[in-house]
There are 2 protein chains.
Amino acid sequence: MGKGRVETLYFALRQMSVNFSLRPGERLNEVALARQLGASRTPLREALNRLAAEGFIDFEPGRGFICRKLSVREVDDLYQMRIALEIYALRLVVANAADDALGEIAGFLDRTREGESGGWTLEDVVAFDEYFHETLAALAGNKELSSTLKNINARIRFFRWVDMEERRPRTQHEHREILEAVIARDGELAVELMERHIDRRSSQIADALKECYAKLFLDGDFTEPSFIEEVSI
Amino acid sequence: MGKGRVETLYFALRQMSVNFSLRPGERLNEVALARQLGASRTPLREALNRLAAEGFIDFEPGRGFICRKLSVREVDDLYQMRIALEIYALRLVVANAADDALGEIAGFLDRTREGESGGWTLEDVVAFDEYFHETLAALAGNKELSSTLKNINARIRFFRWVDMEERRPRTQHEHREILEAVIARDGELAVELMERHIDRRSSQIADALKECYAKLFLDGDFTEPSFIEEVSI
DNA sequence: GTATTCTATACTGTATACAGTACGAAATAC
DNA sequence: GTATTTCGTACTGTATACAGTATAGAATAC
């Protein structure tokens, strides 16, 4: 079955939103975007409407579609959502998951370990990080929860990309600890470790976001960082 | 500022999806729907795309938009999501909420108490139930969490409407107990009460859904209950 | 009578045209 | 020089036309 034109546009635009190829706060020119993506305005707008419903872009009636801004508040809220969902999922996983499935994840952690040889790029590490959390949560067997979590992860990926630079050394060890607590069926420990692993201070988020927009505007046309909201907390 | 045409269509269609004025599993005829709602197909489809992204209706490429089916699995998953989100929110509320705000909710529970005199309709009671949960969770101050919760509540409203017939007597008392635990800042108790209050067995859900579609097809044209998925668990 | 192919219809998917409006730039007043 | 109004442009919002395809019904074969 063909995936459908709107679907294709949806994923292309989603990708653009995720890595901010579109500048934050910028109004999207539908005609230009449509031509750039080789489509017409109608299916483009349908894809944009879906993305707006999922929080990947903003929409203002009469003004059109606008690239979301880098908001401390939003990242903060999404990290809390992660904690809420992942912790609940984790309890279910500890109670119900098969040992086999947990063993698979352990194998994944082994294969992606960063030894003296293993030279992973930052993108790799971020992808592994997401994969670990999503796969573990998926063992809870709740589709709605899993898809919500995936959406959240996509929306905070730009942040993770900066955050990971600092946390990279710790991440691996923490993942292993969490998984071992799950395998030992120690729910309380697993939950406690997971919460500490995910938790971020608002100040950390603000710092990372500053770095984010610095990165975004490094090459050339630095205009006005008016697209970053609530830098102060 | 005018709310925009698509926005209006969005809410009208959302309402239709919530109370299943559209029959589950039924393909939506865009031309007919557009005429019925006094709009053109283009904005209609934009609204439908948003609703599809939020899970209020389904979409199959090449076949068009389809009213979601009554699914035990989905209701089950959404109830788990409620537990995950509301419990996490509750911990934040216990830790941070102002006494004033909690007092307001207590006042709301008083005003909506079902005395010998107070004759509330089932719709009223369901609305009060949603309001209690959403208002309490909102005190956690997380916009993403609140809006996700509201979406979930809209998606399970048809179910609540049946479920409440049975739970009506208990509900009020349980809400009061939960709130009192929060006011007493007893987080563990509040969480335990809330989890028990929300939790449903899959078998309960299946029974209620059967009643749901019985209700939907009571007047006249009973055709084929093929729109109910996974009646057996 | 049942299954299968063909055909007509009706619906979705997309392009495009047009209307209305927001926005920016130029011009004028002060 | 600064503020304000006017005007032109360009973009969004919506209707509509057309093309392609899924679907149902009729006709035919078995």
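Letters go in sequence order (proteins before strands), and every chain restarts at 1. Because only heavy atoms are used, hydrogens play no part in the values below, and waters and symmetry mates are left out as well, while side chains stay in.
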Full working for side chain to side chain donor-acceptor pair (under 3.5 Å) between B/Asn19 and B/Gln15
CA-CA 6 Å; B/Asn19 30 257; B/Gln15 194 62 24; 3.1 Å; yes

Expressed as a whole number of angstroms, how long is the span from A/Glu30:CD to C/dA17:P?
17 Å

Taking the six-membered ring for Trp and the full ring for Phe, Tyr or His, determine whether the centres of B/Tyr213 and B/Phe20 are under 6.0 Å apart.
no

Whole angstrom value for the distance that separates P of C/dC11 from CG of B/Leu48
15 Å

What's the angle between the local helix axes at either end of the helix from C/dG1-D/dC30 to C/dC30-D/dG1, using five pairs per end and rounding to 10 degrees?
10°

Run the numbers on A/Glu144 and B/Arg155 for salt bridge (charged side-chain N to carboxylate O under 4.0 Å, His left out), then give the verdict.
CA-CA 12 Å; A/Glu144 296 288 335; B/Arg155 286 174 68 189; 2.9 Å; yes

Verify the ring-centre separation between B/Phe108 and B/Tyr131: is it less than 6.0 angstrom?
yes

Taking 4.0 Å as the cut-off, does a side-chain nitrogen or oxygen of B/Arg63 come that near to OP1 or OP2 on D/dT23?
yes

Would you classify A/Leu9 as touching base, sugar-phosphate or nothing, given that sugar-phosphate means primed atoms plus P, OP1 and OP2, and contacts are heavy atoms under 4.0 Å?
nothing

Do A/Arg168 and A/Leu122 have side-chain heavy atoms sitting under 4.5 Å apart?
yes

Under 4.0 Å between a Lys/Arg side-chain N and an Asp/Glu carboxylate O for B/Arg23 and B/Glu26?
no

Between atom CG in A/Asp58 and atom C1' in D/dT12, what is the gap in whole Å?
17 Å

Between A/Arg27 and B/Arg27, which has a closest nucleotide on DNA chain C that is more 5'?
B/Arg27

Stretch residues 39-47 of chain B: residues that reach within less than 4.0 Å of DNA chain C through a heavy atom
B/Arg41, B/Arg45

I'd like to know if the side chain of A/Thr148 pairs up with that of A/Asn151 as donor and acceptor (distance under 3.5 Å, no hydrogens or angles considered).
no

Rounded to whole Å, CD1 of B/Ile66 lies from P of D/dA22 at a distance of 13 Å

Test ring-ring contact (aromatic ring centres under 6.0 Å, His included) on B/Tyr88 and A/Tyr88; report intermediate values, then the result.
CA-CA 9 Å; B/Tyr88 181 79; A/Tyr88 181 80; over 10 Å; no

What integer distance in Å separates A/Leu33:CG from D/dG13:P?
14 Å

